[in-house]
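All values below were derived from every heavy atom in this structure, side-chain atoms included, with hydrogens, water molecules and symmetry-related copies excluded. Position 1 is the first residue of the sequence; numbering continues from there.
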Amino acid sequence: MADNIELWESLGMDLETHDMLCSVLPQAFGDVFLSQENRPEGMAFWDAVTADIHGIRAHELVAAQAEGRKVFGTFCVYVPDEIVIACNGIVTGLCGGSQFWVPDGEKVLPANLCPLIKASVGARLGRTCPYFRIADMYVGENTCDGKKKAYEILGQDVPMHIMDIPQMKRPKDYKAWEQEIAEFAKVVEEVTGVELTVDNLNRAIKIVNDKRRALARVYDARKNPDVIPISGVDALLMTQIAFFDDPERCAQMCNNLADELEQRVADGVSVFPAGTKRLMITGTPLAIPNWKLHHIIETSGAAVVCEEMCTGTRYFENLVDETQTTLEGQFEALSNRYMGNNCACFTPNTAHRDDILRLAKEYQVDGIINANLKFCTIYDVEARETERILEEAGYPVLHIETDYTDNDAEQLRTRIGAFVEMLG
């Protein structure tokens, strides 16, 4: 602990306020995770990481910086990690998922803004998250108006690069994103002092693809209709930590967990009783430590078996072509992969609803919860049409709008309990 305090002091953190955050997390983690029965043994790794969430990885990043490596903080699944890794940089996710950070964000942002944005800004300005202090550069993107303006505030404090994501998916938009990736590569080369080459980019593409394959194996084990080998909240924790963990270690630990889950399926070992209703959550991302919705669902008689969101299938589905032999070909392959994600920022966005239907069938779900963070306009606008199409396909849907507070926890429990009961 003394080493952590020394590290946090060197980063200019507000230790008194940070202690308040650290004091509540153990209780919350115990209530949500350690209260579960029959958890996979492989979850011990993620438990250990969470127990020292602002220590272990933070020390690794600072040690890497001492060796001359650069750390890039990102906020979106569209930023191509492969470019940073190829130039010997490190990527760490920065999205805030705690109400603790929201008040500091509201000092410079309107209250009627998405809590994820307010928490992310608050974590930096309040000096209570080491990852926001460590990053040498932030990489933003224009997936929503709130984030675009928040980046102007963060950019006053930290070097910022903004990537311009096309808002449609025509051939020229794929080409535009390819060019945006090429421009990002030049920035990364300048910051890291490392030249991007075909060889080091190929290696990085393989590293990130291997992480995606490992995450996909864990999710595939959740598709079994008779055995649910891992809780949804445990799978969510794994995905959340994947955003800032070392990618090669992440792949190894996910593959180890997948081995155990596949054996559990073969042996008929489930973490839920037979007949438990299978739910999918779609909508806005659930950044760490936002576990509220999963916890309420899985203590209300149902199981979450899939997340169609950025902290879910969008993070690992679709691989980058590993066969390209020129930088131009690699940039095109990266563009094709990342533009395959279906965020609500695109118009038209029928492919997003196609994805939800496909995943509902693959994971054999009984119902779907369409979850929206308050004031996330683009997902809220999509909700009505999404729910109509899902219900026409025979899937019961519950629409939920929530934030990071616990003020609505009992109301949500009542609504979710009634929804599960309605499923029969």
Side-chain angles (χ1 to χ4, degrees), residues 69 72 74 76-91 93 139 141 161 163-166 168-192 194-221 223 239 242-243 245-256 258-259 262 310 312-343 346 351-352 354-355 358-359 362:
R69 301 178 69 187
F72 293 75
T74 65
C76 184
V77 296
Y78 282 97
V79 176
D81 293 356
E82 293 89 345
I83 300 293
V84 174
I85 294 169
C87 292
N88 201 35
I90 304 174
V91 180
V139 186
E141 81 308 318
H161 176 75
M163 299 190 74
D164 183 18
I165 296 178
M168 299 180 73
K169 291 193 176 184
R170 302 159 298 185
K172 67 178 183 179
D173 298 311
Y174 277 74
K175 192 64 179 178
W177 187 236
E178 178 185 334
Q179 294 169 348
E180 195 70 20
I181 292 171
E183 290 182 15
F184 177 52
K186 293 178 182 177
V187 172
V188 174
E189 284 181 316
E190 182 178 347
V191 172
T192 62
V194 176
E195 180 185 1
L196 185 70
T197 66
V198 171
D199 288 343
N200 61 25
L201 185 50
N202 264 336
R203 178 180 176 275
I205 288 171
K206 177 69 163 51
I207 287 172
V208 181
N209 273 350
D210 283 346
K211 182 172 82 168
R212 293 185 182 113
R213 293 183 184 103
L215 288 162
R217 281 188 64 203
V218 173
Y219 268 66
D220 284 346
K223 294 178 180 179
T239 308
F243 279 82
D245 193 17
D246 174 82
E248 292 177 291
R249 177 174 58 206
C250 177
Q252 178 185 347
M253 301 312 297
C254 290
N255 276 322
N256 291 346
D259 289 341
E262 289 162 6
C310 298
T313 55
R314 288 181 223 154
Y315 186 51
F316 62 80
E317 281 202 328
N318 305 319
L319 302 178
V320 179
D321 179 7
E322 298 177 9
T323 67
Q324 297 301 313
T325 58
T326 65
L327 282 176
E328 291 76 13
Q330 290 170 323
F331 291 155
E332 181 180 2
L334 287 167
S335 177
N336 289 339
R337 187 270 159 188
Y338 282 92
M339 286 289 283
N341 276 338
N342 291 309
C343 174
F346 289 99
H352 181 212
D354 293 341
D355 267 352
R358 170 180 60 83
L359 292 166
E362 289 182 12

I'd like to know if Asp354 and Arg358 make a salt bridge, using a cut-off of under 4.0 Å between side-chain N and carboxylate O.
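Salt bridge absent between Asp354 and Arg358.
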
Compare all side-chain heavy atoms of [X] with those of [Y] and state whether any distance is below 4.5 angstrom.
{"X": "Glu262", "Y": "Asp220", "value": "no"}
{"X": "Val79", "Y": "Phe72", "value": "no"}
{"X": "Ile207", "Y": "Arg203", "value": "yes"}
{"X": "Leu196", "Y": "Leu327", "value": "yes"}
{"X": "Gln252", "Y": "Asn256", "value": "yes"}
{"X": "Tyr338", "Y": "Ile165", "value": "no"}

Look up atom [atom1] in [X] and atom [atom2] in [Y], then write down how far apart they are to the nearest 0.5 Å.
{"X": "Lys211", "Y": "Leu319", "atom1": "NZ", "atom2": "CG", "value": "13.0 Å"}
{"X": "Gln330", "Y": "Ile83", "atom1": "CD", "atom2": "CD1", "value": "8.0 Å"}
{"X": "Asn341", "Y": "Asn318", "atom1": "CG", "atom2": "CG", "value": "6.5 Å"}
{"X": "Met163", "Y": "Ile181", "atom1": "CE", "atom2": "CD1", "value": "5.5 Å"}
{"X": "Leu215", "Y": "Thr313", "atom1": "CG", "atom2": "OG1", "value": "11.5 Å"}

Side-chain H-bond candidate by donor/acceptor type, Asn342 with Arg314, under 3.5 Å:
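No, no side-chain donor-acceptor contact under 3.5 Å.
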
Give a yes or no on whether the backbone of Cys254 and the side-chain of Arg217 come within a donor-acceptor separation of less than 3.5 Å.
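Side chain of Arg217 to backbone of Cys254, a donor-acceptor pair under 3.5 Å: no, none is there.
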
Under 3.5 Å, side chain of Tyr315 to main-chain N/O of Ala242, donor-acceptor pair present?
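Checking the backbone N and O of Ala242 against the side chain of Tyr315, a donor-acceptor pair under 3.5 Å is found.
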
Looking at every non-hydrogen atom in both residues, tell me the closest pair between [X] and [Y] and how far apart they are.
{"X": "Asp246", "Y": "Arg249", "result": "OD2-N, 2.9 Å"}
{"X": "Ile90", "Y": "Arg69", "result": "CG1-NH2, 3.5 Å"}
{"X": "Pro166", "Y": "Ala176", "result": "CG-CB, 4.3 Å"}

Could you go through the side chain to side chain contact (heavy atoms under 4.5 Å, CB included) check for Phe316 and Thr239 one step at a time?
CA-CA 9 Å; Phe316 62 80; Thr239 308; 5.7 Å; no

Have a look at Arg212 and tell me which of Glu317, Glu322, Glu82 forms a salt bridge (charged side-chain N to carboxylate O under 4.0 Å, His left out) with it.
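In the set Glu317, Glu322, Glu82, the residue that makes a salt bridge (charged side-chain N to carboxylate O under 4.0 Å, His left out) with Arg212 is Glu82.
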
Applying side-chain hydrogen bond (donor to acceptor under 3.5 Å, both in side chains) as the test, list every pair that has at least one member in residues 173-185; sequence neighbours left out.
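Passing the test, one end in residues 173-185: Arg170-Asp173, Lys175-Glu178.
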
Output, in order, the C-alpha distance, side-chain angles, deciding distance and verdict of side chain to side chain contact (heavy atoms under 4.5 Å, CB included) for Val187 and Glu190.
CA-CA 5 Å; Val187 172; Glu190 182 178 347; 5.7 Å; no

Would you call the rings of His161 and Phe184 parallel, tilted or perpendicular if under 30° counts as parallel and over 60° as perpendicular?
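Parallel.
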
Residue list, salt bridge (Lys or Arg N to Asp or Glu O under 4.0 Å) with Asp321, at least two apart or on another chain
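Partners of Asp321 under the salt bridge (Lys or Arg N to Asp or Glu O under 4.0 Å) test: none.
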
Could you pull out all residues at least two apart from Val91 that satisfy side chain to side chain contact (heavy atoms under 4.5 Å, CB included)?
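Partners of Val91 by the side chain to side chain contact (heavy atoms under 4.5 Å, CB included) criterion, ordered by chain and then number, come out as Thr74, Asp81, Val84.
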
